[in-house]
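The next block holds one structure in the form of structure tokens; read it before the comments.
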Number of protein chains: 2
Amino acid sequence: MVSFTIRNALIPVESGYQTVDVHLAGDGISAIGSSLEPLGEVVDGTNKLLLPGFVNAHTHSSEMWQRGRIPPFPLELWIAELYDGTPLDPEKIYLSALGTAVETLLSGGTSVVDHLVLIPGQELETIAAVVKAYQEVGIRAFIGPLIQDQSLTTSIPDGNTQQQHEPYYRNTADTLSLLKTAIAKFHNPEAGIHILAAPTGMQLCSDALFEGCVELSQQAQICCHTHLLETKAQQQLATEKYGCSAVEHLKHLGFLGPRTSLAHCVWLSDRDIEILAQTQSTVVHNPLSNLRLGSGIAPILKYRQAGVNVAFGCDGSASNDSQDLLEAIKIGSILHNITDFDYRHWITPRQAVEMAALGGAKGLNQQDRLGSLTVGKQADLVLYDLTQLSLLPQTDPIGLLILGRPVQVVHSAWVRGKRLVAAGKVTTIDVEALRQQLFEGSKDGGDRTSAMLAQVETHYRTVMGLNP
Amino acid sequence: MVSFTIRNALIPVESGYQTVDVHLAGDGISAIGSSLEPLGEVVDGTNKLLLPGFVNAHTHSSEMWQRGRIPPFPLELWIAELYDGTPLDPEKIYLSALGTAVETLLSGGTSVVDHLVLIPGQELETIAAVVKAYQEVGIRAFIGPLIQDQSLTTSIPDGNTQQQHEPYYRNTADTLSLLKTAIAKFHNPEAGIHILAAPTGMQLCSDALFEGCVELSQQAQICCHTHLLETKAQQQLATEKYGCSAVEHLKHLGFLGPRTSLAHCVWLSDRDIEILAQTQSTVVHNPLSNLRLGSGIAPILKYRQAGVNVAFGCDGSASNDSQDLLEAIKIGSILHNITDFDYRHWITPRQAVEMAALGGAKGLNQQDRLGSLTVGKQADLVLYDLTQLSLLPQTDPIGLLILGRPVQVVHSAWVRGKRLVAAGKVTTIDVEALRQQLFEGSKDGGDRTSAMLAQVETHYRTVMGLNP
């Protein structure tokens, strides 16, 4: 019955750390105690730290093909470069999902939220490709097909310049129908695959699309996810588009709630923060992407003080440009120390672990099943090797895991009770073959000039008040 | 004569990248070209990127013993915790210097500036311990014995509270005499060991100590290094102590100049920035430490626009808490995108490489010998493996190296023409034995309560205007 016994592992307790044994039975944690009977496969936890798996709570897996390539640009121009280079091949989509899963796993993540760019005309094939990849690796996946019904140029504020926009190639009804099909075909929580209702964001979606997503999420009992107020330009756009803040408008549409997670949330007012708290919405903080794109510092300490749940994400690899979740947690913790002079408000390493694990689970309505070392919860666990150079000398294991730069410290990882990493290696797929395929698949790599960039840059500089 | 031929390595050139062969002869680069004759040991550079070694331009090696341990505190309280736990054993100092050198090397650094905490009464033994460590690893080292002549409590502004301070245990003349002995005994540039005149900072040093350092630096032709305006509290202290800015005062003392590097420089005025530019001083940017301690964001884009040379440092491992130089370069590049809305001012990955290599060399008066791939310069080189998962897919190699999260990508490294890393492993010391020694040496690890912290916290909160 018991599949694994993890012996002598260090776990955090209120007063410090404790050494325990842990039984994993089926897909769950069946016992935590001292001197448990060794049953099933015994894993030596000596000099190792056991934590609940973290959630990479916002990413776009296919951006891996463009990581490192896009120069320093703000979101609105960066995205023009991105769109010109998005892969149009389900096989590539499959490979970048494998890569995203591997990097997430090897940096402490056992769940990934993939806000997935869809290949036009091959939308279901795109979803099928990432489902295949995540099932093969074994990581728990929350896939939000990236849907919108307005074209890219509408995402830049007009600024009274009377811009004309092309209609989007697919209408709202067809878009919602696509999501409905995706839910029917792929949503399978028991197998660790969840579909999310995930409109791109207010900058590219109609009210009807948001409302349709809310309806589908209620029918299918799925969670909602979207980008929200990532940039100053979007804040300005919301005023033009709604005459109120984007948060107020999304509340009005019924999109906010305890099953909704919102990526970025950089440009919110104190009133907006109150609304997030009232609706029990979750903020997904993507600190590295917010710096890379110059979006700003999300007011995370204010969120925490207002009681808003916060999780961490890497964001897509073209805006970070990595899926190292521990790096996102480190920077997402220490970045805020410069926003509040009173150090008593700063995020401690233990609080960061809780945000990354339980905070991530809450935003996906999984707080009863994931996010803590609790008997009865799912066995989504990570065992860190405290004898690796980057975690030495022995000091405070969680302090060094979060504030250091851990390298190859994940000794073992389990998802749904299945062991995916052993002795630092992913056991479920051939990572060497993946490396070879990523290498071969990018031989055409190199600089390109984006046609769309030239088209939008002049308008962007004008409307944002930058010198021509 | 030629010791190494690196064949088919990618190097950056103005228009992109070029594949070249490189000859290393003795301690220098003797040829760069296409199809050079394979002489000496041939190293295959295929699918590898060759860059000049970076400079870890500010750290404190012995802090490694406390990394991960100190909770989120601002500098003035953090340092009270630090002082209580500084190792008092030259053997431990030796081990943490080895660890600092290894982490620096494996993240692209070939030079390290160690602003070295001295064991009272064993000052020369402390320096001897790190010299031994750096010589064994083979990394180029710039060792600045951390000297001061005022006690720790003087570093917090008085705020009209008439604080009394203990005199420092060693007087100014003895301190300068100690530095003089250290220079005579250890300064040996030909062997890759440099001593710096490195007073701790204006918050702990008298004018006489600064002036004595300037005199010794001129006599011995060595460089100067100090902490400068890391925190708001220090800015306030400078006003109390000098009645002018700390930069104006250091200029007046003759401490600034092209052979002086200044760690942090967070709280400078525009006028101060002009002085740094006029005196050709170098700023060492320690972004991770500045975030961890809540010090603020150094105005690096302003420095660059004013023509001030900027280098990158990790800072000591108790305030970062790692010696991964690539992480410091990444965050030190993207952090500033949120300080200037015009993306045309943002630091590009190629500019970051130049800052980390040539910028670091300039601050140590080594620009004629280090910092670029130039025939005649010293062979301080790093070869990155572009087939590692974290550098795939193939896009822009420098873009991904700087903006990604490279893991185990240093294939080879040379310092003074000697190969220190091969196939990803440090070849000059036994890293496994080092791990074991760091592990054994920290078995007493755990939480302590700092006596000094309680002593200074109340006064700090009062004078900085924080609620009691």
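As a basis for the values below, the full set of heavy atoms in this structure was taken, side chains included, without hydrogen atoms, waters or symmetry mates. Throughout, protein chains are lettered first and strands after them, A, B, ... in sequence-line order, and every chain is numbered starting at 1. Bear in mind that the values here come from a model prediction, so they are computed numbers and not experimental data.
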Side-chain donor-acceptor pair under 3.5 Å between A:Arg67 and B:Thr395, yes or no?
-> no

Check whether any side-chain heavy atom of B:Pro72 sits under 4.5 Å from a side-chain heavy atom of A:Tyr343, and report yes or no.
-> no

Check A:Ile334 against B:Leu288 and note the closest heavy-atom contact, atom names and distance.
-> CD1-O, 3.8 Å

Gap separating the CG atom of B:Asp396 from the CZ atom of A:Arg69, nearest 0.5 angstrom | 8.5 Å

Between A:Phe439 and B:Asn47, is any pair of side-chain heavy atoms under 4.5 Å apart?
-> yes

Heavy-atom distances under 4.5 Å only: say whether A:Gln388 touches chain B with side chain, backbone, both or neither.
-> both

Exam field: side chain B:Asn337 to backbone A:Arg292, donor-acceptor pair closer than 3.5 Å | yes

In terms of heavy-atom pairs under 4.5 Å, which option from B:Pro397, B:Ser96, B:Gly294 contacts chain A the most?
-> B:Gly294

Tested for side-chain contact (heavy atoms from CB on, under 4.5 Å) against B:Lys330, the lone hit among A:Ile331, A:Leu291, A:Asp321, A:Asn320 is A:Asn320

Could you tell me which of A:Ser333, A:Ser322, A:Gly99 has the largest number of non-hydrogen atom pairs under 4.5 Å with chain B?
-> A:Ser322

Interface moiety of A:Leu466 toward chain B, non-hydrogen atoms closer than 4.5 Å = side chain

Report yes or no: does A:Ser442 contribute a side-chain atom to a donor-acceptor pair with the main-chain N or O of B:Pro393 at less than 3.5 Å?
-> no

Per-residue contact mode, B:Leu335 against chain A (heavy atom under 4.5 angstrom) = both

Find the one option among A:Leu438, A:Asp342, A:Leu391, A:Asp324 whose heavy-atom pairs under 4.5 Å with chain B are most numerous.
-> A:Asp342

Interface moiety of A:Pro74 toward chain B, non-hydrogen atoms closer than 4.5 Å = both

Residue selection (most heavy-atom pairs with chain B, distance under 4.5 Å) from A:Ile297, A:Thr387, A:Thr348 = A:Thr387

So do the side chains of B:Arg344 and A:Arg461 get within less than 4.5 Å of each other, counting heavy atoms only?
-> yes

Contact check, side chains of A:Val407 and B:Leu106, non-hydrogen atoms, under 4.5 Å = no

Identify which of A:Pro349, A:Ser107, A:Pro71, A:Ser390 forms the greatest number of heavy-atom pairs closer than 4.5 Å to chain B.
-> A:Ser390

Counting distance only, does the side-chain N/O of A:Arg405 pair as donor-acceptor with the main-chain N or O of B:Glu327 below 3.5 Å?
-> no

OG-CG distance between A:Ser317 and B:Leu400, expressed to the nearest 0.5 angstrom | 8.5 Å

When heavy-atom pairs shorter than 4.5 Å are enumerated against chain A, which of B:Glu432, B:Gln436, B:Gln408, B:Gln437 gives the highest number?
-> B:Gln408

A:Trp346 and B:Phe73 have their tightest heavy-atom pair at CZ3-C, 3.4 Å

Sort B:Leu293 into side chain, backbone, both or neither according to what part of it lies under 4.5 angstrom from a heavy atom of chain A.
-> backbone

